[in-house]
Amino acid sequence: MNGGVFQTRLPVRDYDLAATVDCGQAFRWRETGSGWEGVIGARWVRLSKDADSIAAETSAEPGDWRWLADYLQADLDLAAVLATFPDDEPLRQSIAACRGLRLLRQEPWECLASFILSSTKQIVQIRQIVELLCTRFGTPLEVPVDARFAHAFPTAARLALASEADLRACKMGFRAPNLLAAARAVDSGQLDLAAVGQGTVDAAREQLMQLPGVGPKIANCVLLFAYGYQQAFPVDVWVMKALRQLYFPKRRPKPERLRRFVSSYFGPNAGYAQQYLFHYMRTRE
DNA sequence: CACCAGGGTACCT
DNA sequence: AGGTACCATGGT
């Protein structure tokens, strides 16, 4: 199916679109000749950046476009966020390496499910697994004929009906029972994802970590990338590398020491600092 | 071919 | 509490 073409333009400052959609927080963006193509909710989207705005195009009725500005966090004052970072050399270097890197505001279910699939997987593989899942279980979308994406991310209700073998066929291996358990918890109402975002960050984290296969790292990703708890600080292998090499170069800090450090040192936007360190570690050499 | 990947868990000490 | 093997699969 081929709907109309709807376009808009969001004025932005300090916005590195490529780094933002391609830095491992979301898994359904691909570079095209003129920009980036992806899916937000039930809409196929193409984005491109010019000097002072992001141009957007979609093939489904866009309404007031608020969903897009919200997803892209187009109205966030990035300079004010960066100003809250501790003034240290690693963060100065990280900011210098990528000045317009942003955090997106993703839909909680897609974010939770995607990060359940992320454990000990490279980002390229996570993308591949997610696309298999979407192609097999996602609702078809209105898209242009040459679109690379043609399906929405599958709902929890749809995945709750799948078998573990169906999910394993999407190459997710031992993560399949975890995704299935999450889908069933959300579909049954046992886990209310809308309510999770209402409480404190610690209460929200505790609820997410009730799920099998969701520990502190994955929970913190969801808290940060979907709910906007900016103090959430996911520590994956890259961020651990950054902490060891850049902040504890000599000694070998114990886990408890590291936990105290990350929960007190980086300030109210610790999650943003984390994303800058993550991107910096992955892109230097 | 080894080694590693946006980890979590069970099971040791 | 801190360390470790194991889980499934593919990229580099």
Side-chain angles (χ1 to χ4, degrees), chain A residues 19-30 94 98 101-106 108 110-133 136 162-182 185 191 205-227 229-230 232-246 248 251-263 266 270-285:
Chain A
T20 298
V21 299
D22 200 37
C23 71
Q25 51 179 327
F27 303 102
R28 302 198 71 196
W29 292 99
R30 302 289 185 275
S94 300
C98 188
L101 178 62
R102 302 285 187 128
L103 293 179
L104 301 169
R105 184 65 61 85
Q106 301 179 57
E110 176 172 346
C111 187
L112 171 62
S114 297
F115 278 96
I116 285 173
L117 300 176
S118 75
S119 72
T120 49
K121 277 293 182 191
Q122 298 180 145
I123 291 171
V124 284
Q125 292 179 265
I126 302 167
R127 291 193 184 112
Q128 181 191 357
I129 295 168
V130 166
E131 278 325 296
L132 284 169
L133 194 67
R136 188 171 287 231
S163 69
E164 183 180 320
D166 290 337
L167 298 182
R168 281 183 187 266
C170 298
K171 310 295 184 186
M172 66 184 71
F174 62 83
R175 303 156 194 84
N178 296 335
L179 179 60
L180 189 54
L191 177 61
R205 186 185 297 106
E206 192 180 343
Q207 290 187 69
L208 293 174
M209 286 178 61
Q210 297 301 312
L211 295 169
V214 179
K217 190 273 172 182
I218 291 173
N220 281 328
C221 284
V222 179
L223 294 174
L224 183 62
F225 301 143
Y227 291 107
Y229 290 102
Q230 308 246 17
F233 194 98
V235 179
D236 77 319
V237 292
W238 292 98
V239 175
M240 182 61 79
K241 201 175 298 184
L243 292 172
R244 287 206 212 281
Q245 290 182 11
L246 306 177
F248 298 90
R251 49 202 191 282
R252 178 70 35 160
K254 292 178 181 177
E256 172 56 21
R257 175 78 185 93
L258 274 176
R259 277 194 296 271
R260 274 199 299 119
F261 178 72
V262 302
S263 67
F266 290 101
Y272 244 100
Q274 173 274 155
Q275 197 61 25
Y276 273 80
L277 292 170
F278 176 79
H279 187 271
Y280 178 56
M281 292 303 288
R282 281 174 47 84
T283 53
R284 60 172 197 175
E285 266 96 42

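Labels below follow one simple rule: chain letters A, B, ... track the order of the sequence lines, proteins then strands, and each chain is numbered from 1.
Between Gln122(A) and Phe174(A), the residue anchored closer to the 5' end of DNA chain C is Phe174(A), taking for each the nucleotide with the nearest heavy atom. The residue among Leu211(A) and Gly24(A) whose nearest nucleotide of DNA chain B lies closer to the 5′ end is Gly24(A). Nucleotides of DNA chain C nearest to Ser119(A) and Gln128(A) differ in position, and the one nearer the 5' end is that of Ser119(A).
Closest to the side chain of Arg168(A), out of dG6(B), dG7(B), dA8(C), is dA8(C). Comparing dG10(C), dG3(C), dG7(B) against the side chain of Pro255(A) picks out dG3(C) as the nearest. With dG7(B), dG6(B), dG2(C) as the candidates, the nucleotide lying closest to the side chain of Ile218(A) is dG7(B). Minimum atom distance to the side chain of Thr120(A) is reached by dA8(C), of the listed dG6(B), dG2(C), dA8(C).
Atom pair Glu131(A):CD and dG10(C):P shows a separation of 16 Å (rounding to whole Å applied). The distance from atom NZ of Lys121(A) to atom P of dG6(B) is 10 Å, rounded to the nearest whole Å. Atoms CG (Leu180(A)) and P (dA8(C)) sit 16 Å apart, rounded to a whole Å. Spacing between atom CD of Gln125(A) and atom C1' of dG7(B) amounts to 14 Å, rounded to whole angstrom units. Separating the CE atom of Met240(A) from the P atom of dC4(B) is a distance of 16 Å, rounded to the nearest angstrom. In this entry the distance linking CD1 of Ile126(A) with P of dG6(B) reads 6 Å, nearest Å. When rounded to the nearest whole Å, the span between CG of Leu277(A) and P of dG6(B) equals 16 Å. One can place CG of Asn178(A) at 10 Å from C1' of dG7(B), the figure rounded to the nearest angstrom.
Between Arg175(A) and dG6(B) there is no side-chain polar atom (N or O) within less than 4.0 angstrom of OP1 or OP2. Of the side-chain N and O atoms in Arg282(A), one or more sit less than 4.0 angstrom from OP1 or OP2 of dG6(B).
Residue Val235(A) is out of contact with every strand shown, counting any heavy-atom pair closer than 4.0 Å. Within the 4.0 angstrom heavy-atom criterion, no nucleotide atom of any strand lies near Arg252(A). In this structure, Phe225(A) reaches the bases: a heavy-atom distance under 4.0 Å links it to at least one base atom across the strands shown. Heavy atoms of Lys217(A) sit under 4.0 angstrom from at least one base atom.
For the side chain to side chain contact (heavy atoms under 4.5 Å, CB included) test with Phe27(A), the passing option among Ile126(A), Val124(A), Val21(A) is Ile126(A); the others fail.
Stacking of Phe115(A) onto the six-membered ring of dG6(B) is not present when judged by under 5.5 angstrom between centres and under 30° between planes.
As the counterpart of dA1(C), dT13(B) is assigned, both hydrogen-bonding distances of the Watson-Crick or G-U wobble pattern falling under 3.5 Å. Nucleotide dC4(B) forms a Watson-Crick or G-U wobble pair with dG10(C), both donor-acceptor distances falling under 3.5 Å.
Using a 4.5 Å heavy-atom cutoff, the side chains of Pro255(A) and Leu258(A) are not in contact. Under the 4.5 Å side-chain criterion, counting only non-hydrogen atoms from C-beta, Val237(A) is not in contact with Lys217(A).
For the P atoms, the distance from dC4(B) to dT4(C) is 15 Å, rounded to whole Å. Using atom P as the reference point in both dG2(C) and dG6(B), the two lie 26 Å apart (nearest Å).
To the nearest 0.5 Å, atoms CD (Gln25(A)) and NE2 (His279(A)) are separated by 10.0 Å. The distance from atom CG of Leu208(A) to atom CZ of Phe115(A), rounded to the nearest 0.5 Å, is 12.5 Å. Distance CD/Gln275(A) to OG/Ser94(A): 11.0 Å, rounded to 0.5 Å.
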